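The chains referred to below are lettered A, B, ... by the order of the sequence lines, with proteins before strands, and numbering in each begins at 1. If you're wondering where the values come from, they're calculated on a predicted model, not measured in any experiment. Only this structure's heavy atoms are used, side chains among them; waters, hydrogens and symmetry mates stay out.
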Amino acid sequence: MFSDTTTVWVLWPEIALAALAVWIYVGNALFRPKPNTQTRLGWTTFAAAAVAFAGFALYWHQGGAVWRQSLVLEGHGPLAIDYFAYAMRTVALLAGFLLVLQASRAGENELVSEYLGTLLLAIVGVMLTASANELIFLFLGLEMLSIPTYVLLFLGRRDGATAEATIKYFFLSVASSAMLLYGFGFLYGMAGSTSLTEIRAALETSSAADGGLMTMAPLALILVFAGLGFRIAAAPFHFYAPDVYQGATHANASLLSILPKIAGVVVFVRLVGVTMPALGDFAWQLAIVLSILTMTIGNVSALWQTNLRRLMAYSSIAHSGYMLIGLAVALAASPAEAATGGLSSVILYLFVYVFATLGAFAAFTYLGAKDREVNRIDELAGVAKTRPVAAAIIAVCMFSLSGIPPLAGFWGKLALFGNAIRLATNTESATLQWWFIVLAVVGVLNAAVAAAYYLRIVGVMYFRTADTALPSQGGWGAWSAAAAAAAMVLAVGVLPGRLFDNAQRAELAVKGIALPEGLSQADAPTSLAK
Amino acid sequence: MFDVRTLLILIPALPLAACVITALLGPRVLRSQSHWPAIVAIFGSFVCSALLGLEIYHRQAEPTDGASARDTLGGVEVIPAPLWTWAAIEGAYPWTAPSNWHEGSSERDFRISVVLRADALTAMMLVMVTFVATLVAIYSAGYMHGDAGYWRFFTYVSLFVFSMTMLVSVSNFLLLYVFWEAVGVCSYLLIGFWYQKPEAAAAGKKAFLVNRVGDFGFALGLFLIWTTYGTLDFHDSLANGDTDPVRVAQAREELQTGKTPADPSQRLTPGVLGQTLLETQDAGGRQMRRDWETILTGGQGPDTRSYVGGGVGLAICLLLLVGACGKSAQFPLHVWLPDAMEGPTPVSALIHAATMVTAGVYMIARCIPLFDASPEAQAVVAAIGGLTALLAALIALTQYDLKRVLAYSTISQLGYMFLAMGTATATGVAAGMFHLFTHAFFKALLFLGAGSVMHAMGGVIDMRRFSGLRHIMPTTYATFLIGSLALAGMAPFSGFFSKDAVIAAVYDRTHDGAYAGLYSVLMYSALLTALLTAFYTFRAFFMTFHGPQQIPAEAGHHAHESPASMTGPLLTLAVLAAIIGGVLFVTGSFTHFLGHTPSLAYLSGIAGHESAGGHHADHTWIAVVSFFIALIGIGVAAFLYLGDQREVQAISKELQLRQSPRLRGVSPYQLSAHKFYFDEIYDFLIVRPMRLFAQGTYWIDRHLVDGLVNLVGRIPPALGSVMRSLQMGLVQFYALAMVLGALILLAVRLWAAGR
């Protein structure tokens, strides 16, 4: 039953993308023309087209409307066929498309097909993770992301610093995978099944019985947090991030801050947010503690950084902390409440974070050159004069990351903090009130601190004069990726309604709650139901 | 005939278009031709205003019948031109009407509709504003020629004309306030036009700040009107914002017959100055309308009023008066206007003599039904006006700056207008507006003449540094003479008629009624002021144009008459300044025309007296007296400044006017020359304490608040540096940290579970 045709049919965007990735590997080896800029351009176009085709397959051919129905089709084993999966696969494809564009001039000519093919496989990994409704499949998806990432880090640049960063990432990633698997083992032990749906049911029944296997649940939760915390760079599993980002190229750093983040958040939402709320107070308290720890460490450490990628690494850590706020809200809300807004605010925040970060990194890539990357913040001095558009893009992304209206980041923070406050004001429990008020206050304070280093970048670009001109040879691909991301940030900032709507829809879908009237737009999925 | 509504919209729209065009094209394309859009547009505005005035005049003459009778109640013409709704919140607040009103408590909408309204008062102001503005724009093309900010000047002037025409044609207090501020901004921009000059920048700031005091009062007045009358609209409209006269009249009739329309959106919202409130009730509760014709023939309606009097009414009026005092430079807020002369002279003529400064007078005339309900407020208005007129005239006696003499004279004449408004009678208001109208012409003429002199003298305006210019500048000389005669109140020039009408109106209040004694004092003070006016006007005139010819070095060797673009407007204005008062007075058409303004038409006339409608039976002696007073003033000036200087010195020494300290060290001469020390007093009482306070708060902010903030700001970096030390780069440590992290979490969990 695991190989019935529906499964294949549902997964066929991923299958097609993987097949095209393989074709990039093989094709380049077959033709083997003298590697030059033209071949690079050709293969980049091909990879971008491959991602676009997967998007086409996902949306038009498979019928995006189908996914808008909130349902998990029974009998399809490892797959969750719901709007959340659909939305996250879309985000992965959108981000992946921009990542491909961004990489158009990064790395060495000879390795272009290896780089692009591996990048596509990493995207497939994120997409598989998003569709997984089963522990083994989930782990498979995560490894499908991790292993190409190791390769990509190596391919980015071949010098000592990169090698060190890659090795660090590899060892720590393996360690985190081990912890995650250990956690999965406990879950399987408790539920006797690898299906998330069944694990949830088992946890709920045994918590009602009080006792038994439930004593093992917190252990599983902590291990899952440890494993996923590494993916999203949450404290205390974040140590690798600054070193690895600094050692990587801009293109790889942006990949590291985006793809594992999407995958990690997706698993957090589905595995922790949906499957394990039955764990009671410990779950949300753990999320709050890690959230406060993560965002505070990220933001205060970022204040000291002079290296651009190191700063962005701490920024990435801090944003993971914000996203854990939403997870805490989702875990703390009483299960009777259908839509708490916790998960939807995480989804919303993930979206705005991904594109603001991508825009900034792509612009950094554009401003540098293959052999001369923009490393220090000071090097950005005077960019507003020499490269006004790139500077404006970076400024938009920085403003969005610091959460200034009317940009996308503002709505993300508003949703997160707003939901925390709402939970605190709507609850009777004094403990909940206290914890969540503290969480919201710390979150807002952190956002204020964060503005300092984001605005410092903007200030350096606009109010200081350049010592030496930046090469600005990152290519038009990087430029257009940055512009598209900034445009998305602006558009979502001005018109956030659709995003709010879709995030809410995704939250309802992932919880398996029927969509209320007005949200459901599509007919029954006749083609899938058969 | 033109559609009147189109005309009404075109009048402000044309200058706005000119403003946009000049602002966009001025610096690059138009350059030294930047005056054309402004001149063409403002002239177009004037043509529209004239057509509008004529149309309204014709409608007044037409007999009213049938459907059109609703439109033109009792010959009163109000033409609405609705544009758009600015704000509309339905059922925004509960509101209870005062007990003597028709409507009980209900829910009111918050609705601000942008509606232009043309009535006689508006039409008169529009004609005056656009006409003077046209001439000033033409004059400026010559005067400002070659200035670096040529296009900027015409942009501001167009913007001003737009704001001013909007100010007089909107029919809502809030929009009045908006454009009140807009003309203030234009004034600020134009006073500080030569912002490189520190005096000009300081004068602009002073004008703006002093006006803020007035605007504060105005704003409070609006709030009070809002809570008292439940609307800010001048005129009646339907609750849904519909202003169609026929439907409004229907609703009014329904209301008066006690019917309430089922649809709440069709209910009448009585405007503050609208028909419903203006109408009074007789003893039997029957609606009664008193129209202008009744008042002219001495009829008087019953006394019951729909307006809120007493403390609230007084407060509203006084707050509005504060606003009017700021804009029209009345005591004690008059200090900004003389300094405003730092701006280009055409601006002084247009904004600070003819148009903007009369906005306060216009506002009081517009709101006269409110003042009608409060005799105390009338007395205050009259007292402020009379006092300002006298005070400013006394200061003007000793000034040496030609433009400042004219500035104080403007303040003084505005005082006359306030005095006339303070009578709050139909004759008084008509006389005040009449004076406003004639004053606009002769004061603009005088300012433009002064500008012509300044132009020729290379920017020197101190009268001690030039004299005897009559031969060099014959046209300026002749036109300035006409303006001076008009200002001095010499028959048969226009100032004579209007000033006389004002004094006559005040005289009418001296017999009986509230505060008759005060009005007597004010009448004699006004006559004294007339004497001073004639003196200082001709003092300035003789010092400038007579005596030995003397030209300052700045003028160079080519001091000459100004170009035609400047003398043309001078001649036009001179003709009007000479005759317009007489023509309008003899035909009586001005008062008659203005009387069809709704808010004025319902004012109580003074029974038993013929008004200023053309008959002049009772007031001949006033005319004779004021004529001789003007003559005396001119004579004294001629004696002092044209006569034998030895005689003058002797008299001056004998009277010890200049040197000897009197009145505790301050001679009257010094008092006048130092403008009664108003600037010094304000500096001591307001500016210095404020500055001290500001220094105190600055210290607190700098040391206390900033210190705390900086302390807080140091915390995150300190925390960060601690965190940084953990980041040592060893992969073993990182792995250990991950595992330890998980273990600590587990330990905490176990500890918490075991507790």
Side-chain angles (χ1 to χ4, degrees), chain A residues 164-165 167-172 174-176 178-179 182-183 215 217-219 221-227 229-230 234-244 246-247 281-283 285-286 289-290 293 296-305 310 313-314 317 445-446 448-450 452-453, chain B residues 23-24 27-28 84-90 195 697-698 700-755:
Chain A
E164 183 192 331
I167 291 294
K168 268 183 193 165
Y169 187 72
F170 173 70
F171 279 128
L172 297 173
V174 167
S176 85
M179 287 201 269
Y182 199 16
T215 43
L219 188 59
L221 184 71
I222 288 169
L223 289 169
V224 166
F225 257 98
F230 176 85
F237 316 105
H238 70 283
F239 286 102
Y240 75 94
D243 292 8
V244 174
Q246 191 177 1
D281 287 351
F282 178 67
Q285 282 168 358
L286 183 63
V289 168
L290 290 190
L293 209 58
T296 309
I297 287 176
N299 282 321
V300 298
S301 304
L303 288 173
W304 285 93
Q305 304 309 320
R310 219 173 162 79
Y314 281 113
I317 293 168
L445 285 177
N446 263 287
V449 170
Y453 60 87
Chain B
L24 291 179
R28 297 272 179 277
W84 66 84
T85 301
W86 188 15
I89 304 169
E90 285 173 12
Y195 51 82
T697 49
Y698 173 77
I700 290 175
D701 182 65
R702 193 90 185 83
H703 293 98
L704 243 58
V705 179
D706 275 11
L708 278 175
V709 169
N710 287 341
L711 197 68
V712 172
R714 292 218 183 87
I715 294 172
L719 217 57
S721 74
V722 174
M723 302 283 177
R724 207 158 56 139
S725 60
L726 286 177
Q727 197 77 37
M728 58 186 74
L730 281 178
V731 71
Q732 298 93 319
F733 170 75
Y734 294 169
L736 186 68
M738 282 170 67
V739 175
L740 273 182
L743 283 179
I744 288 170
L745 291 174
L746 196 64
V748 169
R749 165 65 190 170
L750 292 175
W751 173 74
R755 201 167 50 145

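Contact count against chain B (heavy-atom pairs under 4.5 Å) is highest for A:K168 among A:Q305, A:E164, A:K168, A:M179. When A:A448, A:P242, A:A175 are compared by the number of non-hydrogen pairs under 4.5 Å with chain B, A:P242 comes out ahead.
Atom CZ of A:F282 is surrounded by more than 12 heavy atoms from other residues, nucleotides or ligands within 6.0 Å.
With contacts defined as side-chain heavy-atom distances shorter than 4.5 Å, the pair A:L303/B:L719 does not qualify. Residues A:I167 and B:V731 have side chains not in contact (no heavy-atom distance under 4.5 Å, counting atoms from C-beta outward). Put simply, the side chain of B:Y734 does not reach to within 4.5 Å of the side chain of A:F237, judged on heavy atoms.
Contacts between A:S176 and chain B at a heavy-atom distance below 4.5 Å involve backbone atoms as well as side-chain atoms. Interface residue A:L172: backbone and side-chain heavy atoms are both found under 4.5 Å from chain B. Only the side chain of A:F230 comes within contact range of chain B, judged by heavy atoms closer than 4.5 Å. Of the atoms belonging to A:L221, not a single heavy atom falls under 4.5 Å from chain B. Residue contact with chain B, scored on non-hydrogen atoms closer than 4.5 Å, is absent for A:Q285.
Residues satisfying the side-chain contact (heavy atoms from CB on, under 4.5 Å) test with A:A235, not counting sequence neighbours, are A:H238, A:L293, A:T294, A:I297.
Contact record, B:G741 with A:P236: CA-CG, 3.7 Å, taken as the closest heavy-atom pair.
Interatomic distance, A:I222 CD1 to B:L750 CG, rounded to the nearest 0.5 Å: 7.5 Å. Atom CH2 in A:W304 sits 13.0 Å away from atom CE in B:M723 (nearest 0.5 Å).
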